[in-house]
Amino acid sequence: SQQVIGALVSMVANEIQVAMKMAPDERWEEAVTHINKALVMIHSNVAQEATFHLSRALSQVTSIGQTAMTKLVEDKIL
C-alpha cells in the first residue's frame with residue numbers, strides 16, 4: 001500500500017511541475033518541498049508522518065488556486 005501511495009504522490013508532484021509552468025507563483029516551491037519531504041517519508045516506511053507535509057502542500061496549492069480565481073474574476077474572465 002505504501003508503494004501505491006508513493007506512486008500517487010509522485011503523480012501529484014508531476015502535476016505540480018506542470019502547473020508551475022502554466023501559472024507561475026513563488027508558492028509552488030514550498031508545495032514541491034513539502035511533497036518531496038512526504039515522498040521521502042513514504043519511501044522510508046513512515047508514511048503516517050507524511051500527512052503533515054501533504055497537508056501543507058495542499059494548503060499552498062489551494063492558496064494559489066484562490067489567488068488565480070480572484071484574478072480571473074477581477075479581470076472579468078470568469
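Looking at L78 and M69, their side chains come closer than 4.5 Å, going by heavy atoms from C-beta outward. Looking at N45 and Q2, their side chains come closer than 4.5 Å, going by heavy atoms from C-beta outward.
The CD1 atom of I64 sits 8.5 Å away from atom CD of E26, with the distance rounded to the nearest 0.5 Å. Rounded to the nearest 0.5 angstrom, N36 CG and H34 NE2 are separated by 11.0 Å. For the atom pair CD1 (I5) and CE (M41), the distance works out to 14.0 Å, reported to the nearest 0.5 Å. The line from NE2 of H43 to CG of L39 is 5.0 Å long, rounded to the nearest 0.5 Å. Interatomic distance, CD of Q60 versus CD1 of I35, reported as 11.0 Å (0.5 Å rounding).
Of the possible donor and acceptor atoms, none in the side chain of S59 sits under 3.5 Å from a partner among the backbone N and O of S55. Formation of a donor-acceptor pair under 3.5 Å by the D25 side chain with backbone atoms of R27 is found in this model.
Transitive grouping of hydrophobic side chains (ILVMFWY, heavy atoms separated by less than 4.5 Å) keeps M22 and M20 in distinct clusters.
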| said: Apply side-chain hydrogen bond (donor to acceptor under 3.5 Å, both in side chains) to residues R56 and T33 and explain how you reach the verdict. | reply: CA-CA 10 Å; R56 294 291 305 215; T33 298; over 6 Å; no
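The minimum heavy-atom distance between A50 and A38, with the atom names listed, is CB-O, 3.7 Å. Of all non-hydrogen atoms in A23 and W28, the two that sit nearest each other are O-NE1, 2.7 Å.
Counting heavy-atom neighbours within 6.0 Å of Q3 CD, excluding the residue itself, gives a total of 12 or less.
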